[in-house]
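Structure first, commentary second.
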There are 2 protein chains.
Amino acid sequence: MATIKDVAARAGVALGTASRVLSGSSQTSADSRSRVLAAAAELNYIANGPARSLRRSRTDVLGLLVSDIRNPFFSDLAHAAEQEAGRLGYTVLLANANEDQAKVDDYLRIFASQRIDGLLLSPQGGHSPQLELLRATRLPLVLLNRTVDGLDAPIFGTDNAGGVASVLDWLQRRGHRDVAFVGGPPTISTGAERLAAYRAGRESHGISMDDALIDTGDFLPGGAAKAMHRILDRGMRPTAVFGANGPTTLGVVRALRQRLGADWAANIAIVSFDDLDWFEFASPAISAVRNDAATIGRLGVAGLVDLINGRSVDSLRVPTEFFDRSAGIS
Amino acid sequence: MATIKDVAARAGVALGTASRVLSGSSQTSADSRSRVLAAAAELNYIANGPARSLRRSRTDVLGLLVSDIRNPFFSDLAHAAEQEAGRLGYTVLLANANEDQAKVDDYLRIFASQRIDGLLLSPQGGHSPQLELLRATRLPLVLLNRTVDGLDAPIFGTDNAGGVASVLDWLQRRGHRDVAFVGGPPTISTGAERLAAYRAGRESHGISMDDALIDTGDFLPGGAAKAMHRILDRGMRPTAVFGANGPTTLGVVRALRQRLGADWAANIAIVSFDDLDWFEFASPAISAVRNDAATIGRLGVAGLVDLINGRSVDSLRVPTEFFDRSAGIS
DNA sequence: AAGCTTCATGGAACCGTTTCCATGAATGTG
DNA sequence: CACATTCATGGAAACGGTTCCATGAAGCTT
């Protein structure tokens, strides 16, 4: 592979001059500029990133650590983040912790070794030695959707309280009293916040305060289905179920089908935090809080780049939108 | 941040010795080993990746360029690839071309600059200067699911012909004659292969040869919906529709609902290449070819690492499995 | 025309590793 | 006991860029 030395030789200039032309940092004569550029094109010169990173002690790479890339919320988010990063001259190194704290640590180590310029993190909730190091290391950091106490970094996330409030309003309007809630792990802030908002709002919305109607899973279909089964096992017969994120609602629907047969839908309404492609097709259609992953990703990257450039950044809760797909009376 | 020089100083050994201990390449005395490791731990030493990459002229990074990360096929694939790569000591740099040839070129340049050790590529189909360079550059390369002619690299992908054959069999068993086919771009090999296999198999399976029943989109819901509309606009009234990938089937269902109302399903059966979470919930449930993204991702990475290590690698078509969800008579 | 400033350029230092080479201690052998 | 061999170690070169510093040519000023 051609090096900048080859380019300089072919252009008949000193190595330093070639570098100045190619990185555009300093003034160069029109003559040497054109000769260097020509030589670079002829040799298909592509600068050696590691060498450049070593010298400049920055990589123009951002780390993005998500909890579950197969969750559409995160794949949308990652997609938008990547777009925005590209626009701002950064590359995104995407890692998937798979809702597993050990993998978070592994990837934080890898990121540190790669010397990323900043990190977008959607944490699992728990503490860990690597997270402590993260604080010590002063790496520009933005949290996505989930907080972890002790880390004071700006967070870009969903307005969980607002989203839950819109669900509560909907449940009340539809006259549901016996509502089951299937949540996420209480260790994850999103799980805790949504559950707390739901608990706090039940009474004023005429919803049963019986905690036997509440259970939590792992924010994945498998764990959510088990939680739904436990609720039914306790003899509860809800008229509506609220799933606290997309994969959870999927698990809930699977469990209900398995338990009550294909006709379950006639008797039980579903409402979800996170909107999925197929909710419009369910019969009756499933209403949902739409969680704007793309905006969170975009703003998160923009905020992180601000941090890197020494500007101060404020946390932001992105508002949700409720999609009421119930027919007739609203 | 601590450097290996700091570690060596603290351990009271020469820089070279510290390096030998930490990279474990060469013999070192038990004494210096323990002192270096202790010093490294105390200083929270993490090796500078760029410096190491520069010197060793390898990065232990694999590039993975997918066409659309929001397509569950690719997010499953990416997930599995990442797992396998981690197991083999590599990190994956994931990029999303968003079904856009220009972005493919952008990312190939970024990958080249990052000096990745190998590339997993799911191409858009078209040719481009960057792809030519890719060939010249001799970068270890594995294609995922899609070929591009002129690039002779092992390909790990779905058995498209086999998958389509199982769909044709199903259509015949269910007695469908007027079947619509909504495909992907003919420029993408997956799109072309699936269409060709379908076309070739129609007659022997008793399916109408009328090409007005065939249209193609962009492998995204939007384009697929438009294609479905065009078929209906031509006055066709199929009893079954075959969507050529996951997002396509989503678009097809949307178009049918919009056009024929919520009751469309009573009259039209859907069958899909790629199985999606919600197909089991549709009524009637949607049958589908399951496309084993995880296996493709895992084998692709393993194959790429073999290539990097100079071993020869053969292409592989991963067999599909048909999920017949139709009730009653099969 | 002399002196001063501007500015492109060549040359060299430097970033943090790995690895080669030479050295010298320790061990083994005849 | 002399000599060969093994082996851990110190020191230095090298990877491919960027950037600092010194130099000298060219342009301005008075």
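Letters A, B, ... are given to chains in the order of the sequence lines, protein chains preceding strands, and every chain is numbered from 1.
More than 12 heavy atoms of other residues, nucleotides or ligands lie within 6.0 Å of CG in B/D100, so this atom counts as buried by the packing criterion. Heavy-atom neighbours of A/R138 CZ from other residues, nucleotides or ligands within 6.0 Å: at or below the threshold of 12.
Candidate nucleotides C/dC15, C/dT17, C/dT9 were compared by shortest atom distance to the side chain of B/T3, and C/dT17 ranks first. Residue B/V13 has its side chain nearest to D/dG10 when only D/dG10, C/dG16, C/dT19 are considered. Nearest to the side chain of A/L54, among C/dG16, C/dT9, D/dG10, sits C/dG16. With D/dT18, C/dT9, D/dT9 as the choices, the nucleotide that has an atom nearest any side-chain atom of B/T28 turns out to be D/dT9. Proximity note for B/S29 (side chain, C-beta onward) versus C/dA8, D/dG16, D/dA8: the nearest is D/dA8. Distances from the side chain of A/I4 to the nucleotides D/dG17, C/dT9, D/dA8 place D/dG17 closest. The side chain of A/A51 lies closest to D/dG16, out of D/dG16, D/dA14, C/dT9.
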Between the protein and nucleotides 21-24 of chain D, which nitrogen or oxygen pairs come in under 3.5 angstrom?
none

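Across the protein-nucleic acid pair, A/Q114 atom CD and C/dT17 atom C1' stand 14 Å apart, rounded to whole Å. Between B/K5 atom NZ and D/dG11 atom P the separation is 13 Å, expressed in whole Å. Residue B/D31 contributes atom CG, which lies 17 Å from atom P of C/dA25 at whole-angstrom precision. Atom C1' of nucleotide D/dG10 and atom CD of B/Q27 are separated by 18 Å, given to the nearest angstrom. Between the CE atom of A/M1 and the P atom of D/dG16 there is a distance of 11 Å, rounded to whole Å.
A/R58 has a carboxylate O that lies under 4.0 Å from a charged side-chain N of A/D60, or vice versa, which qualifies the two as a salt bridge. Remark: B/K103 does not engage B/D106 in a salt bridge, criterion side-chain N to carboxylate O under 4.0 Å.
A distance of 7.0 Å separates CD1 in B/I4 from OG in B/S23, rounded to the nearest 0.5 Å. A distance of 9.0 Å separates CD1 in A/I296 from CZ in A/R317, rounded to the nearest 0.5 Å. The distance from atom CG of B/L65 to atom CG of B/L94, rounded to the nearest 0.5 Å, is 8.5 Å.
Using a 4.0 Å cut-off, some side-chain N or O of B/S32 falls inside it from OP1 or OP2 of D/dT9. A sub-4.0 Å separation between OP1 or OP2 of D/dC15 and a side-chain N or O of B/S57 is absent. Side-chain nitrogen and oxygen atoms of A/R55 include none within less than 4.0 Å of the OP1 or OP2 phosphate oxygen of C/dC14.
Nearest approach of A/L88 to A/A302, heavy atoms of both residues: CD1-CA, 4.2 Å.
Scanning residues 38-49 of chain B for heavy-atom distances under 4.0 Å to DNA chain C yields B/Y45, B/A47, B/N48.
At a cut-off of 3.5 Å, with distance as the only test, no side-chain donor of A/T190 or A/N145 sits close to an acceptor on the other residue. With hydrogens and angles left out, the side-chain atoms of B/T59 and B/R52 include no donor and acceptor closer than 3.5 Å.
The nearest heavy atom of DNA chain D to B/V21 and to B/R115 marks one nucleotide each, and the one closer to the 5' end goes with B/V21. Comparing A/R56 and B/S19 against DNA chain C, the residue whose closest nucleotide sits nearer the 5' end is A/R56.
Counting non-hydrogen atoms under 4.0 angstrom, A/L15 reaches a base of the nucleic acid.
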